[in-house]
Amino acid sequence: MSEPSSFPPPPLDQQERMVEAMLFASAQPLALSDLAERLPHGADAAEAVARLRRRYAGRGVELTRVGDGFAFRTAPDLGFLMQTETLDTRRLSRAATETLAIIAYHQPVTRAEIEEIRGVSTSRGTLDQLIELEWVRIGRRRMTPGRPVTFIVTDAFLDHFGLETARDLPGLAELRAAGLLDSRPQTDLGAPLARTDEDDDMGDSARPGDLFGEEEDEI
């Protein structure tokens, strides 16, 4: 934290410029606490960010909230300008995409709860893959017998899919239509399915894609 100073904080327009510079220079989203630590004593990071968001609203580059942080991102309707026409059709396995969706919608969730919802046992490799992609991380342990760990999605996951929070995820019907969740008939979410993670993973690549199973290469 900055040391207390007898000097008044700079005017808000100068604070806004300082925050703008830090966000442009950072490769990762910055939280308000990160910005406040670098600003002069008495500066209002939250107000500076709010002013910047209003200033960039509707422009080609917008100030977007990513989890607990903020970052400049290309306006969603202009994203096509940053992409090539070549699609990489390699996909996450069905096991990984289903597991990722369950974690996103039910977080914090334990491995046993993931298996109960999917109806099959989840291999450690499936969770390891999502953790290596930095889309999932280990959360707090449950205060239950055995104190199992929980899993939650990361800010990197939110940033990849253009979400501010997990509450912005599409509905389950949309996910099934997109192929992210199994659309085959089943009696309930906990009903056993006649497959295993190994069956789902056959022929699938470990390369991440988008919610629809494909990844567009960026320029």
Side-chain angles (χ1 to χ4, degrees), residues 23 26-34 49 53 61-77 79-80 82-83 87-118 122-142 148-182 189 197 200-201 204-218:
L23 290 171
S26 177
Q28 303 295 330
L30 295 178
L32 289 178
S33 57
D34 299 324
V49 167
R53 294 192 80 178
V61 175
E62 298 179 346
L63 182 54
T64 303
R65 182 165 187 166
V66 180
D68 293 330
F70 295 88
F72 282 108
R73 294 288 183 263
T74 302
D77 61 316
F80 70 96
M82 307 299 126
Q83 300 168 346
L87 292 178
D88 185 343
T89 59
R90 290 176 290 180
R91 302 166 180 260
L92 284 173
S93 67
R94 177 182 293 275
T97 52
E98 287 185 355
T99 300
L100 178 61
I102 290 167
I103 293 172
Y105 279 92
H106 295 272
Q107 64 176 337
V109 61
T110 66
R111 178 173 173 179
E113 290 166 343
I114 294 171
E115 292 175 344
E116 181 179 357
I117 294 170
R118 292 190 62 226
T122 301
S123 71
R124 180 172 180 176
T126 298
L127 288 167
D128 286 345
Q129 177 186 346
L130 296 174
I131 292 172
E132 288 172 4
L133 290 174
E134 298 183 348
W135 285 358
V136 167
R137 68 178 177 84
I138 294 174
R140 294 182 178 180
R141 289 183 178 270
R142 282 277 170 81
V149 299
T150 61
F151 298 92
I152 59 178
V153 294
T154 64
D155 285 353
F157 166 85
L158 298 177
D159 195 16
H160 183 89
F161 294 114
L163 306 171
E164 288 193 11
T165 71
R167 292 189 296 272
D168 298 321
L169 285 162
L172 295 178
E174 295 172 76
L175 289 179
R176 288 195 175 94
L180 186 59
L181 288 181
D182 195 349
L189 285 176
D197 267 5
D200 289 342
D201 290 342
D204 287 330
S205 168
R207 177 72 176 270
D210 63 13
L211 283 173
F212 299 93
E214 297 179 339
E215 180 180 13
E216 296 184 354
D217 295 328
E218 295 189 357

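Please read these numbers as outputs of a predicted model, since none were measured by experiment. These values consider heavy atoms only, across backbone and side chains, with no hydrogens, waters or symmetry-generated copies.
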Supply the atom-to-atom distance [X] [atom1] to [Y] [atom2], rounded to the nearest 0.5 angstrom.
X	Y	atom1	atom2	value
His106	Thr150	NE2	OG1	14.5 Å
Leu100	Leu133	CG	CG	9.0 Å
Ser123	Glu115	OG	CD	9.5 Å
Leu163	Asp155	CG	CG	11.0 Å
Arg111	Thr99	CZ	OG1	10.0 Å
Ile114	Phe151	CD1	CZ	6.0 Å

Minimum heavy-atom separation for [X] and [Y], please, with both atom names.
X	Y	result
Arg118	Ala95	NH2-CA, 3.6 Å
Thr64	Arg73	OG1-CB, 3.9 Å
Leu23	Phe70	CD2-O, 3.3 Å
Gly79	Thr74	N-CG2, 4.3 Å

Notebook entry, point to check: Taking everything shown except Asp68 itself, do over 12 heavy atoms lie less than 6.0 Å from its CG?
Noted result: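 For Asp68, atom CG is not crowded (no more than 12 foreign heavy atoms under 6.0 Å).
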Review point. In this structure, are over 12 heavy atoms from other groups packed under 6.0 Å from Glu134 atom CD?
Key: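 Open: at most 12 neighbouring heavy atoms sit under 6.0 Å from CD of Glu134.
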> Yes or no on ring pair (Phe, Tyr, Trp, His ring centres under 6.0 Å) for Phe161 and Trp135, after CA distance, side-chain angles and deciding distance?
Replying inline: CA-CA 10 Å; Phe161 294 114; Trp135 285 358; 5.4 Å; yes
Option passing side chain to side chain contact (heavy atoms under 4.5 Å, CB included) with Val136 (candidates Ile152, Asp128, Thr154, Leu130)
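When Ile152, Asp128, Thr154, Leu130 are each tested with Val136, the side chain to side chain contact (heavy atoms under 4.5 Å, CB included) holds only for Leu130.
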- Message: Keeping Thr126 on the side-chain end and Thr122 on the backbone end, is there a donor-acceptor pair under 3.5 Å?
- Response: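 No, the answer is negative, given that no donor and acceptor are paired below the 3.5 Å cut-off.
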Are the side chain of Ser26 and the backbone N or O of Pro29 linked by a donor-acceptor pair below 3.5 Å?
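A pair under 3.5 Å: no.
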I'd like to know if Arg142 and Glu113 make a salt bridge, using a cut-off of under 4.0 Å between side-chain N and carboxylate O.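 Yes, Arg142 and Glu113 are salt-bridged.
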Q. When you look at Val49 and Leu63, which way does the side-chain contact (heavy atoms from CB on, under 4.5 Å) test go after all the steps?
A. CA-CA 8 Å; Val49 167; Leu63 182 54; 4.1 Å; yes
Q: Dump the intermediate steps for side-chain contact (heavy atoms from CB on, under 4.5 Å) on Arg53 and Glu62, then the final yes or no.
A: CA-CA 7 Å; Arg53 294 192 80 178; Glu62 298 179 346; over 6 Å; no
- prompt: Would you say Arg137 and Ile131 make side-chain contact, with heavy atoms under 4.5 Å?
  reply: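 Not touching, per the 4.5 Å side-chain cut-off.
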